[in-house]
Amino acid sequence: MTTSDPLDPTAERTLVLIKPDAYARGLTGEVLRRIEAKGYRLVGLKTVHASHDLLAEHYVEHQGQSFFEPLLAFMSSGPLVAVVVGGNRVIEGVRSMMGATNPTAAAPGTIRGDLGRDWGTAAVENIVHGSDSATSADREIALWFPELVVQD
Ligand code: DAT
Ligand code: MG
């Protein structure tokens, strides 16, 4: 197996969540299309109606923020699609494709800039999540895709 094999467990990976707003609007395919068109590989993919507990763990860094509970309510409001995406520098690459957190400010051409907007909700609804570092990616992939984690 070479490192160009997307299923090589040593290749760089990131966790993408196509959030309930995007799922409900039928934008899952458009987000996946962009990721594949960029050249990254879909390593794992599933539709999940995430629990409050899973989301509290996923967003643990935001515990105590005023938007924490609204964020969990939004993220558990319907199904989402969880994806492990692989490729060289994919963590940085997907963050760049996503655009800024606030979809009004996100640049046109980015996923959030093209597909998201402000709906006046307590939690920002912005189409997509992507891990922000290698440490976050490892932690988040273990949380959402324990079956993909190779024990050493
Ligand atoms: P990102 O998703 O760009 O990494 P983040 O980790 O700071 O942003 O926040 C996680 C999510 O929480 C974000 O995608 C949308 C929501 N959020 C962030 N800041 C917010 C705020 N001030 N008010 C409401 N929702 C917010
Ligand atoms: Mg973040």
Side-chain angles (χ1 to χ4, degrees), residues 6 11-149:
E12 185 173 321
R13 293 172 172 190
T14 192
L15 181 83
V16 169
L17 300 176
I18 304 173
K19 297 185 179 184
D21 57 335
Y23 185 92
R25 291 174 56 207
L27 295 172
T28 302
E30 171 62 14
V31 175
L32 293 174
R33 186 197 66 73
R34 287 176 180 229
I35 291 169
E36 281 202 296
K38 176 77 172 171
Y40 298 130
R41 295 300 185 193
L42 308 179
V43 176
L45 189 151
K46 59 187 165 193
T47 303
V48 185
H49 198 143
S51 69
H52 186 277
D53 284 0
L54 173 62
L55 292 163
E57 191 58 39
H58 175 77
Y59 280 125
V60 67
E61 68 174 300
H62 298 301
Q63 207 162 12
Q65 302 273 0
S66 59
F67 62 85
F68 184 70
E69 284 300 334
L71 176 61
L72 269 46
F74 159 57
M75 290 294 291
S76 61
S77 66
L80 57 77
V81 173
V83 195
V84 174
V85 182
N88 294 334
R89 300 182 67 185
V90 68
I91 297 168
E92 178 188 359
V94 166
R95 291 290 294 189
S96 172
M97 291 176 74
M98 284 164 49
T101 302
N102 183 320
T104 302
T110 64
I111 293 169
R112 289 164 166 175
D114 287 349
L115 305 178
R117 54 161 282 195
D118 188 337
W119 299 95
T121 50
V124 170
E125 301 188 3
N126 58 10
I127 308 289
V128 73
H129 165 85
S131 309
D132 64 9
S133 67
T135 304
S136 298
D138 287 349
R139 190 183 73 81
E140 294 170 4
I141 289 168
L143 205 53
W144 293 85
F145 288 87
E147 66 275 20
L148 289 184
V149 176

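Both ligands and their constituent atoms are indexed starting at 1 by order of listing.
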- Query: Any idea which protein heavy atom is nearest atom 6 (O) of ligand 1, and the distance to it?
  - Reply: His62 NE2, 2.9 Å

- Can you list the atoms of ligand 1 that are under 4.0 Å from a heavy atom of Lys19? 14 (O)

- Note on the structure: Ranked by distance from atom 4 (O) of ligand 1, the top protein heavy atom is Arg95 NH1, 3.0 Å

- Query: Ion pair present between Glu125 and Arg112, side-chain N to carboxylate O less than 4.0 angstrom?
  - Reply: no

- Message: Could you identify the single nearest non-hydrogen protein atom to atom 24 (C) of ligand 1 and state the distance to 0.1 Å?
- Response: Ala122 O, 3.2 Å

- Query: Which heavy atom of the protein is the closest neighbour of atom 12 (O) of ligand 1, given with residue, atom name and distance?
  - Reply: Leu71 CD2, 3.4 Å

- Message: As an exercise, state the distance from CD1 of Ile127 to CG of Asp21, rounded to the nearest 0.5 Å.
- Response: 4.5 Å

- Ser51 side chain to Leu54 main-chain N or O, any donor-acceptor pair under 3.5 Å? yes

- Item | Ala123 neighbourhood, listing ligand 1 atoms whose heavy-atom distance to it stays under 4.0 Å | 24 (C), 25 (N)

- Query: Which residue owns the protein heavy atom closest to atom 3 (O) of ligand 1, what's the atom, and how far is it?
  - Reply: Thr101 OG1, 2.6 Å

- Task: Check whether any N or O atom of Val124, backbone or side chain, sits under 3.5 Å from an N or O atom of ligand 1, and answer yes or no.
- Result: yes

- Query: Testing Val90, Val85, Val84 for side-chain contact (heavy atoms from CB on, under 4.5 Å) with Val43, which one passes?
  - Reply: Val84

- Item | Ligand-side contact atoms (ligand 1) for residue partner Tyr59, heavy atom cut-off under 4.0 Å | 10 (C)

- Query: Does Lys19 make a cation-pi contact with Phe74, if we ask for NZ or CZ under 6.0 Å from the ring centre and within 45° of the axis?
  - Reply: no

- Does an N or O from Glu61, backbone or side chain, lie closer than 3.5 Å to an N or O of ligand 1? no

- Quick note on ligand 1: atoms under 4.0 Å from a heavy atom of Asn126 include exactly 13 (C), 14 (O), 15 (C)

- Message: Check this for me, if you would: do Arg13 and Asp138 make a salt bridge, where the nitrogen-to-carboxylate-oxygen distance has to be below 4.0 angstrom?
- Response: no

- Under-4.0 Å salt bridge between Arg95 and Glu92: no

- Task: Mark yes or no for whether Asp114, through its side chain, and Gly109, through its backbone, hold a donor-acceptor pair below 3.5 Å.
- Result: yes

- Using only heavy-atom distances, determine whether the side chains of His52 and Glu57 contain a donor-acceptor pair under 3.5 Å. no

- Below 4.0 angstrom from a heavy atom of Arg112, which ligand 1 atoms are there? Numbered from 1 as shown, please. 1 (P), 2 (O), 3 (O), 14 (O)

- To which protein heavy atom is atom 21 (C) of ligand 1 closest, and what is the distance rounded to 0.1 Å? Phe67 CD2, 3.4 Å

